[in-house]
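One structure is given below, encoded as structure tokens.
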Amino acid sequence: MLSKLISVSNRILRPFNRRVSVRSIAPPIPPAEAARVQNEFERAKEYFKEFTVISDFRWDAAPHATNNMELECEFATEQIARITPGEILDIGSYRQWLIGVMSHFHVHTLDVRERASSLSNETILTEDIASYDGLKKFDLVTSLSSIEHIGLGRYGDSVDFDGDKKAIEKIANLLRQDGNFVFSVPMTRGEPCVAYNSHRIYSYEMIKSRLAGFICEHERFLKKSSPRFCEHADIVSALGEWDVYLGCYRKKS
């Protein structure tokens, strides 16, 4: 009822004062700050002559929240800065992070889903990595939060329950001698499982087995519920729950 009254009053007052408009009746702002913001709002209505000033009170002064995707990208960025690769192939990583990487590096982006791009530092490959037969070799392959999905059909890819194993074999073949593979996957200290058709959740031992053709150079564990780097002992173990494993592995000579 209150919102309807506000809406009616706005329509009545608009011809007389275009600088009065209320949109947020329960602004998400700490009570201690509300009076100050309201006073500043009244001042703003008087000051701005080229704008119609409306209320949309918000409070975003709290420290930036960290999420697991940011920490995954931080890890990958650190490895790229350390490796300084020439040719990069990415398989299904976070798009926003890739755009940043392409400000300095040329990246071949491989994804089973079609995508258009206007970036001069991007070569788009619309392929399924498990069956990709490209001959080009790369210094670095990156794949953040992608390997665990391959072969489960979630993204329109072909259903192949060994898709992750085949993808890692392909990655090894696509890397130059001593090339690096930087990746992240879900991980548990408990029973590994397939949350079908969403993703696989690996054990530490399973990850090491999948990467038998590589040498681990750097690895980290990431707590997802309260995003932070952690120890292996902090990784969850309940069935179906997961944290994140981050690795930088070098292809064996």
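Scope of the values below: all heavy atoms of this structure, side chains included, with no hydrogens, waters or symmetry mates.
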Practice item. Indicate whether the side chain of Asp128 and that of Ser158 have a donor and an acceptor atom separated by less than 3.5 Å. Key: no
Partner of Asp243 under side chain to side chain contact (heavy atoms under 4.5 Å, CB included), picked from Lys223, Arg189, Met187, is Lys223
Quiz item: Would you say the side-chain atoms of Glu169 and Asn173 include a donor-acceptor pair closer than 3.5 Å?
Solution: no
Problem set entry | Salt bridge present between Lys208 and Glu219 (N-O < 4.0 angstrom) | yes
Heavy-atom closest pair (Val112 atom, Thr126 atom, distance to 0.1 Å) is O-CG2, 3.7 Å
Charged N to carboxylate O below 4.0 Å: is that the case for Lys137 and Glu87? no
Answer yes or no: is there an ion pair linking Glu217 with Arg82, defined by an N-O contact shorter than 4.0 Å? yes
Closest non-hydrogen atoms of Asp164 and Ile147, given as atom of the first, atom of the second and distance, are CB-O, 3.6 Å
In Val182, Val101, Asn180, the residue satisfying side chain to side chain contact (heavy atoms under 4.5 Å, CB included) with Ile80 is Val101
Exercise. Quick one: sort the Phe48 and Phe51 rings into parallel, tilted or perpendicular, breaks at 30° and 60°.
Key: perpendicular
Using the benzene-type ring in the case of Trp, are the ring centres of Phe75 and Phe229 under 6.0 Å apart? no
Residue pairs meeting side-chain hydrogen bond (donor to acceptor under 3.5 Å, both in side chains), one or both in residues 229-238, sequence neighbours left out, come to none
In short, Ala130 meets Lys170 closest at the heavy-atom pair O-CE, 3.4 Å
**Report entry** Note: Asp178-Arg176 ion pair, threshold 4.0 Å (strictly below)
**Finding:** no
Looking only at the side chains, is there a donor atom on one of Ser198 and Arg154 sitting less than 3.5 Å from an acceptor on the other? yes
Strictly by modelled atom types, are Glu122 and Thr109 linked by a side-chain donor-acceptor pair under 3.5 Å?
yes
Distance only, no hydrogens: is a donor on one side chain within 3.5 Å (strictly under) of an acceptor on the other, for Asp111 and Tyr155?
no
Heavy atoms of Ser184 and Glu148 approach each other most closely as O-OE1, 3.7 Å
